[in-house]
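Worksheet for the structure shown next.
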Amino acid sequence: MTRAQAAKPSAVPDREEALELYRRMLIIRRFEDTVQDLFLKGQVHGTTHLYSGQEAVAVGVCSVLAENDRVAGTYRGHGHALALGVEPQGLLDELLGRATGVCGGRAGSMNVIDLEHRLIGCFGIVGGSIAAATGAALALKREGGVAVAFFGDGATNQGYFHECLNFARVFRLPAVYVCENNLYGEFTPYEQVTAGEIRARAETLDISSQTIDGNDVFGVQAAAREAVDRARAGEGPCFIEALTYRYVGHSRSDPGRYRKPGELDEWRARDPLIRAREAIGDTAEVDRAVEAQIAQVIENALAAPFPSPDPDAREFKDG
Amino acid sequence: MTRAQAAKPSAVPDREEALELYRRMLIIRRFEDTVQDLFLKGQVHGTTHLYSGQEAVAVGVCSVLAENDRVAGTYRGHGHALALGVEPQGLLDELLGRATGVCGGRAGSMNVIDLEHRLIGCFGIVGGSIAAATGAALALKREGGVAVAFFGDGATNQGYFHECLNFARVFRLPAVYVCENNLYGEFTPYEQVTAGEIRARAETLDISSQTIDGNDVFGVQAAAREAVDRARAGEGPCFIEALTYRYVGHSRSDPGRYRKPGELDEWRARDPLIRAREAIGDTAEVDRAVEAQIAQVIENALAAPFPSPDPDAREFKDG
Amino acid sequence: MAEIEFREAIRDALAEELERDERVVVFGEDVAAAGGVFVTTPGLFEKFGPERVFDTPISELALAGAAFGSAVCGLRPVIEIMFGDFLPLVMDSLVNQASKYFYISNEQASVPLVVRSAVGAGGRFGAIHSQSPVTWFQAVPGLKLVAPSTPSDAKALLKGAIRDDNPVLFLEHKRLYSLKEEVIGHGSEVIGLGSAAVRREGSDVTLVSVMKGVHDCLAAAELLASDGIDAEVIDLRTLRPLDRGAIAESLSKTNRLAAVEEGPRTGGWAGEVLAVAAEESLDDVDDLWRITTPEHPIPYSPTLEDAFLPGAEAIAASVRARLGVAAGRS
Amino acid sequence: MAEIEFREAIRDALAEELERDERVVVFGEDVAAAGGVFVTTPGLFEKFGPERVFDTPISELALAGAAFGSAVCGLRPVIEIMFGDFLPLVMDSLVNQASKYFYISNEQASVPLVVRSAVGAGGRFGAIHSQSPVTWFQAVPGLKLVAPSTPSDAKALLKGAIRDDNPVLFLEHKRLYSLKEEVIGHGSEVIGLGSAAVRREGSDVTLVSVMKGVHDCLAAAELLASDGIDAEVIDLRTLRPLDRGAIAESLSKTNRLAAVEEGPRTGGWAGEVLAVAAEESLDDVDDLWRITTPEHPIPYSPTLEDAFLPGAEAIAASVRARLGVAAGRS
Ligand SMILES: Cc1ncc(C[n+]2csc(CCOP(=O)(O)OP(=O)(O)O)c2C)c(N)n1
Ligand SMILES: Cc1ncc(C[n+]2csc(CCOP(=O)(O)OP(=O)(O)O)c2C)c(N)n1
Ligand SMILES: [Mg+2]
Ligand SMILES: [Mg+2]
C-alpha cells in the first residue's frame, strides 16, 4: 500500500480547530524530543517507545471523542495520552519515575493510566489495547460511549486482534479499532510477517473498515468522526488502518538498520506537522507557546521528588 | 451457506476405492453407535463427543494422505483416528480405560495419540489441533510431508486459528486446515457467534480456500487431494470448510434442544453413508464384515484388563 | 429446611447479585441460552435478558479482555471459563492487566471482575479437563483465589467475590456440583474473602485442604478417629489471601499438619501452607507434610485416576504412617 | 583465559547445538535478522540460514504451537519469548500439550522443545516487563525449569536443555546478560538438568536462590562474614526438578535456611524450598524463612523498584535479624 492509494481528500476544519490539532501534534513532537534527550542523559529509565512521526493519528482520532468515550493506547503511548489531554507535566513526571507522575511513578512509560483524561491504559502487551478497548466498549454501550483501541501493524498478528474484533462485531460493540501501520513491528517489516492485507482482516469480519493516510491529521479526523459516529449510533465496531511511520528506533537500543534506503527521508517529507502547517499558514505563536510550555514542564519534572518506598503499598483494594 | 451453494460435482473413484471409503465411514458410524451404547451403560467414562454424521470429512481427507503426513484431530476425534487406520480395538480399549488402549488408558476419548498411524493427537482445547498441525507442518516441510488439522466452526473464533494460519502462510508451510462446520459449537449456532464467512477468514490471509459439501465423501476426497497436493508442492497452506452436521448431542449430556425443527431430519436425508451407497450400489458384504468386526472389538474390549496403577509412572522422559 | 445443591448455590448467588446490582453481567460460552454445561446458570438469561447474561464465541482471550476492560469502565463482570484447564488463555488479561491495575494506576481504580471456572479430577475427563490450576495463580498479587467446599460457602463466597473490588478467580470443583446441603439461615449471607473455616475440631493433627479435599479430609478424620487419632480439619476456602492465622492457631494446638492437595507436590499450594507453618510457627511444629497427587498428568482410566487422587483412605494412611500408628490400633 | 558474557554464552550454546544437531531450529520475534532484542542471537541467522533460524510474526500462541507440533514431529525447536511476562500466551501449548504428551501418549514420544525467555526486574521496565514467572510453571509435571546464574552455567545448562527430551522453560535474567566470567575448561560442557551448585560454603545459615538472586546472596554473605556469620550459598540452577538433596545436605550442616526469591512471598518457589526443608529435614531445622519482594506488582520508579527488590543489604539484614545478630558485631 502506498500513501497515494490511501489518500482521500481531507476536509480542513476552521483555522482555530486546525491550529488546535496542530498544537497537540506539536506538543507530542516536542515531548518526544524531550524524552529522547532525557533518555540519553539517563534521566528516563528502562525503555521508551516514541510516537514521533505518528502524531496525526492520535491527535486526529482523539479530537472527535466525547466525554464518555475511552481510549486504550500502547507502550508507544505518549502520543495517545497527550492527544487525550493528559497533562504533559504529569506524563513526563511519570516517565522520570517521580512521585508527581500521573501514576505516582508506579507505571512508567509503557503502562500509563489516566482515567480522568479517558485513558484507560497504555498496554505493554502487544494486542492488549485491543482487548481492553473491547471490554470498555461493552461497558460504554450502556451509556452511549465509544471505546478506541490504538495498536500497531504487528498487533494484527495477535490472537487478541481476531478474537476481539469478532467479539465486538458479534455484540455490535461501540468500538473503533485504529491500526497504526508504521511498516514495522520492532525490526521486522510488516509485509514479511503479515499474510494478506491488514484492512481485509477486519472487513472479513464484516466490520466497516478504511485505510487512510495517517500523516494527514485532517483526514484522520474526518475518518475517525465517521467511525466514531457509526459506533455511537449502534452500528457496531469500525476499523481504521492509518498508514504512518515512526522516525526513531522502535525503542532506545534500535539503530534502525532495517529501514529501506531513503525511506525515512521520504516519510519526513510527508511529516504530519509540516503538512498541517502548510494547510494552516502561520503557526509561529503556537510554536512559541508550545516551546515555552515544554521547557517549563522539563524544569518542573527534573525538580520533582522521587516517590518514597511505601512499605504498606496495598496489594488489594480494601473492601 | 446452504448445501446447494457448496455442492461441487464429485468424481466417484473406482468401485474398489469407493467401497473402501464407504467401509471406513461405516466403521466410524458403528464405532460411535457402540460408544454411545457403552456410554449409556456406564462402560465409557467421563464425556465423549461423537463423530456420527461427519464421517465423510475425515474419511475423504485421510484417504489422500501419504505415509509421512500427519494429522491433528479434536476431542471429537474417533472419526479422525479411525479414518487414519487406528485400530478400532485399541481405540475402544482406550475409551474404556483399558490397559490395551492405544494410550494404555492414560489419554481417554479426548486425547488419543497414535503416532504409528500418523495421528499426532486429538486435542481437547478448541483450536489446539490447529496449533499442533502448524508445528507439525514446520517439521514435515523438510521431508515433503503434509500436516492436516481438523477443527470445528467454533474453533475459527479462537486466537489459535488466526495466528497459526497467518504463521503457516508466512512460512508457506505444508498444512491443510479442515474446518468441519457442523453448524454448532456446543449448543450455540455458529452464525450467532461468528462474524462474516468462515472461509473468507482464511482467504483474507491469502490462503487457498474452498467450501465443500462435507457429506459427500468423494467430493471431500477430491478437494482434499487438491489441497494436499498443493501443500506438498510447496505452495503453502490450504483451507477447506466442509459443511456437515453431527447427529448426536455435542457431548453426552446434551439433548440437542437448540436444533432447528426438521434440521436433523434434513441432514439425515443427506447422510454420507446413504449417499456413498447410492453411488456404489450393493454394499452388503462390507456391511456384514464391519458388523462382525465391531462386534468382536466390543467383546474383546469389555474383556480387556484395566491398567494397574503405576506408582513409578514417569514425569519426564529419561535422559 | 430446604436443601440446596452446590450448582444451585452458584446460580442463586449470581441471580441475587444480578438482581441487586445492575452493573453485574454474566457471560461465557453456553452460559445463557443453554444454562451452562455444568448447569450452573439456568434461568439467568431468561430472567435478566441478553444485555446482562450472554453467550460468547469460543474466544477465551476476548472473554477475559472484555471482562477486564468492562470492569475498568464500570461493570462488574462475572465470566465463566468452562474448565480450569483453559485458564492459560485468560491468564494474560487476568495476571498482567487486571491484577496489576489497582497498584500501577496508583489506585485510580480497581478491577472488580470474577472468573468462575470448573476444576478438579475424578470425573474421567482426562489430563486436560481435570486440573486444579491453583498454583498457576497463587503467586499473583492483586488476584484473589477462592475455592469453596460447600454449597452455602459457595453461595456466600461467590457473592463476596462479586462484591469484592478486586479481580477474583473462583474455582468450582466438578465433583461438588451435585453436593447437597441443608440451608441454614436466610441463605443470603456474604462471606468476605480471606477467612478459613474449621470444619472439625481435633487435637492430634491438622488436615488442611480446599474444595473436594475438605470432604476427603473429613472422611479421613472419621477413619482416624477409630484409630484414636483426633484430626482437626481446616477448610482454607480462600487460597489468596491465605488465612495464615488459622494455620498458626490450629498448629499451636495439634503441632502436626498435613496439607492435602489435589495436585502435584512440587510447586503446589500445599507447599505454601507448609512454608507459612515453618516460617511462623516452627516452635509449635512436630511434623509438617503434604499429601498430594503423583508428579505426572492426570490419567483417564478409572483405575489410574482413582489411585492417582488422594482420597480419604490415602489421607488416613498417610497420617497413620507419619504418626507411627497402625490402622485400627485403638 | 577468555572472558565470556552471559548473552554470548547463550548464543554460543545455540550455535554449538545448531551445528551439532540439524533437528535444532531457533525461532522467535526478531531473533534472526536483528539478532534478538537482548542481543543473544546475533550471527545465527547468517550462519545457519532461514530454515534453521527465523523471525516470526508477533504471535506467541502460534510460536508455542509451532514449537510443540514440530517437536512431536522430529525437530528440536528453541523458541524465544522476548519477556517472561508474555509466557501466559504460550502456557496452553506448554502446559496443556507439551508437558503432558510423554505421559498421556503412554510414552510414545516426548516433546523436546526449549522456551527461552528474559525475566527479572531491576531494569526499570515496569510491572509487565519485569516479572520472574517461575511459579506459574513450577507445579507442572513434565516441564523442566532452568534458571542459571552464571555465563558458564547458562551455556552448559542451555546445551543440556536442548539435548533434554522434555519440554524445558529456560529463564534468563535480564540483569545478568552483561555479566562476564572467565571461561574455565574448553567451554563445551553440558549440564544435565536438576542439580544445584554450592556457590559458597558456610556453616551458620544457608541462602538458597537462583539467577540474579545468587549474586545478591553471595554479596550478602560477604557482608555477613564481617558480622561473623558464615553463610552457605546454594544456586538451585533448576527449579524443576528441584535438587532436594542439596537442600537437605546444606541444612544438615547449617540448620538454618533462607530462600531468596525475586517475587512475591505467597505462592512463590521459595515456599517450595521451605516446604521441602520442613517435610524432609525438620529435625535439622532451627529456622526457615523467605526473603522476597512485597506482595504487589513491580514498580517502575527507580526509588520504588530498588526498595522493592531483595538486594544484598536486605538479605544480610534479614539474616542478622532472624539470627538475632546486630550488624558489624564481630
Ligand atoms: C505479546 C507481546 N509480544 C511481544 C512484545 C514485544 N514487542 C513490543 S513492541 C513490539 C512490536 C509491535 O509492533 P507493532 O504492533 O507494529 O507496533 P509498533 O511498535 O510498530 O507501534 C513487540 C514485538 C510485546 N510487548 N508483547
Ligand atoms: C479453549 C476451549 N474453550 C472451550 C472448550 C469447551 N468446548 C469443547 S467443544 C466446544 C465446541 C467447539 O465447537 P466447534 O469448534 O464447532 O467443534 P464441534 O464440537 O462442533 O465439532 C467447546 C466450547 C474447549 N474444549 N476449549
Ligand atoms: Mg508497527
Ligand atoms: Mg461445530
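These numbers come from the heavy atoms of this one structure, side chains and all, not from hydrogens, waters or symmetry mates. Chain naming here is simple, since letters A, B, ... match the order of the sequence lines and numbering starts at 1 in each.
- In this structure, OG1 in Thr204(A) is found 8.0 Å from CG in Leu205(B), a value given to the nearest 0.5 Å.
- When every heavy atom of Val193(A) is checked against every heavy atom of Asn166(B), the shortest pair comes out as O-ND2, 3.0 Å.
- Summarising the geometry of Thr194(B) relative to Val170(A), their closest heavy-atom pair is N-CG2, 3.8 Å, with the distance given to 0.1 Å.
- Note on Glu203(A), Arg201(A), Arg169(A): by heavy-atom pairs under 4.5 Å with chain B, the leading option is Arg201(A).
- At a heavy-atom separation below 4.5 angstrom, chain B is approached by no residue within residues 130-149 of chain A.
- Counting heavy-atom pairs under 4.5 Å between each of Ala195(B), Ala168(B), Gly127(B) and chain A puts Ala195(B) at the top.
- The contact list for residues 153-165 of chain B toward chain A, using heavy atoms and a distance under 4.5 Å, reads Thr156(B), Asn157(B), Gln158(B), Gly159(B), Phe161(B), His162(B), Glu163(B) by residue number.
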